[in-house]
**Student:** 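This structure is in structure tokens; I'll ask about it shortly.
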Amino acid sequence: QVQLVESGGGLVQAGGSLRLSCAASERTFSINTMGWFRQAPGKEREFVAAETWSDLNTYYADSVKGRFTISRDDAKNTVYLQMNSLEPEDTAVYYCAASGRKIATTPGMYRYWGQGTQVTVSS
């Protein structure tokens, strides 16, 4: 069973940066895409970014394009989310997830989930 653990969340002022990490316990052939989602209080879980393992294709929500970057380190089985120019609207719990699909932008397409890490952006 694949386990995902997020880290790197915290408090930051508007305009600042954070880098989130997602460490996977293992890499299997059934996992084709790693993604990031976020959920603010009272709102639905929202797609943020994803990367396909085989061809390194990346996908971003319009709200974070140009500010967030997803990347990976195969040797460490780790996926990163670099977040720049953070805004108060980015405040949420951020979740790492793994999917068997090559294109996956909704929560139902993901098989494994981490526990989440809180990101709070002050104005």
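Numbers for residues simply follow the sequence, beginning at 1. Keep in mind it's a predicted model, so treat the numbers as computed, not measured. Hydrogens, waters and symmetry mates are skipped; everything else that's a heavy atom, side chains included, is used.
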**Student:** Would you say CD of Glu26 has more than 12 non-hydrogen atoms from neighbouring residues, nucleotides or ligands within 6.0 angstrom?
**Tutor:** yes

**Student:** May I ask you to test the Glu89-Ser63 pair for a side-chain heavy-atom distance under 4.5 Å?
**Tutor:** no

**Student:** Please verify the inter-ring angle class for Tyr94 with Phe68; under 30° counts as parallel, over 60° as perpendicular, anything in between as tilted.
**Tutor:** tilted

**Student:** Between Ser123 and Ala14, what is the shortest heavy-atom contact and its length?
**Tutor:** CA-CB, 4.3 Å

**Student:** On a heavy-atom basis, which atom in Ala104 and which in Ala50 lie closest, and how many Å separate them?
**Tutor:** O-CB, 4.0 Å

**Student:** Does Ile103 share a hydrophobic cluster with Met109, counting links as ILVMFWY side-chain heavy atoms below 4.5 Å and allowing steps through other members?
**Tutor:** yes

**Student:** Taking the six-membered ring of Tyr80, is the NZ or CZ of Arg19 close enough (under 6.0 Å from the centre) and on axis enough (within 45°)?
**Tutor:** yes

**Student:** What residues, two or more places apart in sequence or in another chain, satisfy salt bridge (Lys or Arg N to Asp or Glu O under 4.0 Å) together with Arg67?
**Tutor:** Asp90

**Student:** Just so I know, are the side chains of Thr69 and Leu81 near enough to count as touching, which here means a heavy-atom distance under 4.5 Å?
**Tutor:** no

**Student:** Using the rule given for side chain to side chain contact (heavy atoms under 4.5 Å, CB included), can you reason through Met34 versus Cys96, listing the C-alpha separation, both sets of side-chain angles and the distance that settles it, and then say yes or no?
**Tutor:** CA-CA 7 Å; Met34 298 296 297; Cys96 177; 3.7 Å; yes

**Student:** Are any non-hydrogen side-chain atoms of Gln118 and Thr91 less than 4.5 angstrom apart?
**Tutor:** yes

**Student:** Measuring from Thr33:OG1 to Asn57:CG, what's the distance to the nearest 0.5 Å?
**Tutor:** 9.0 Å

**Student:** Could you check whether atom CD of Glu87 has more than 12 heavy atoms from other residues, nucleotides or ligands sitting under 6.0 Å from it?
**Tutor:** yes

**Student:** Are Leu20 and Met83 packed together at the side-chain level, in the sense that at least one heavy-atom pair is separated by less than 4.5 angstrom?
**Tutor:** yes

**Student:** Would you call Cys22 and Trp36 a side-chain contact if the rule is heavy atoms closer than 4.5 Å?
**Tutor:** yes

**Student:** Hey, is the main chain of Trp53 close enough, under 3.5 Å, to the side chain of Arg72 for a donor-acceptor pair?
**Tutor:** yes

**Student:** A side-chain contact here means heavy atoms from C-beta on lying under 4.5 Å apart; do Phe47 and Tyr60 qualify?
**Tutor:** no

**Student:** Are Ser17 and Asn84 close enough, and set up right, to give a side-chain hydrogen bond (donor to acceptor under 3.5 Å, both in side chains), and what steps lead you there?
**Tutor:** CA-CA 4 Å; Ser17 299; Asn84 298 325; 2.9 Å; yes

**Student:** Indicate the atoms forming the closest heavy-atom contact of Thr58 with Ile70, along with that distance.
**Tutor:** CG2-CG2, 3.8 Å

**Student:** Report whether Val119 and Val79 are members of the same hydrophobic cluster (ILVMFWY, side-chain heavy atoms less than 4.5 Å apart, transitive linking).
**Tutor:** yes

**Student:** Quick one: does Glu6's side chain have a donor or acceptor within less than 3.5 Å of a partner on Gly116's backbone?
**Tutor:** yes

**Student:** Closest heavy-atom contact between Ala24 and Leu4?
**Tutor:** CB-CD2, 3.6 Å

**Student:** After noting the C-alpha distance and the side-chain angles of Val12 and Thr120, does the key distance pass the side chain to side chain contact (heavy atoms under 4.5 Å, CB included) rule?
**Tutor:** CA-CA 6 Å; Val12 65; Thr120 302; over 6 Å; no

**Student:** Please list all pairs meeting side-chain hydrogen bond (donor to acceptor under 3.5 Å, both in side chains) that have one or both residues in residues 100-117, counting only residues at least two apart or in different chains.
**Tutor:** none

**Student:** Taking Gly100's backbone N and O only, do any of them form a donor-acceptor pair with Asn32's side chain (distance below 3.5 Å, no angle check)?
**Tutor:** yes

**Student:** Do Tyr95 and Val48 have side chains that get closer than 4.5 Å, going by heavy atoms?
**Tutor:** no

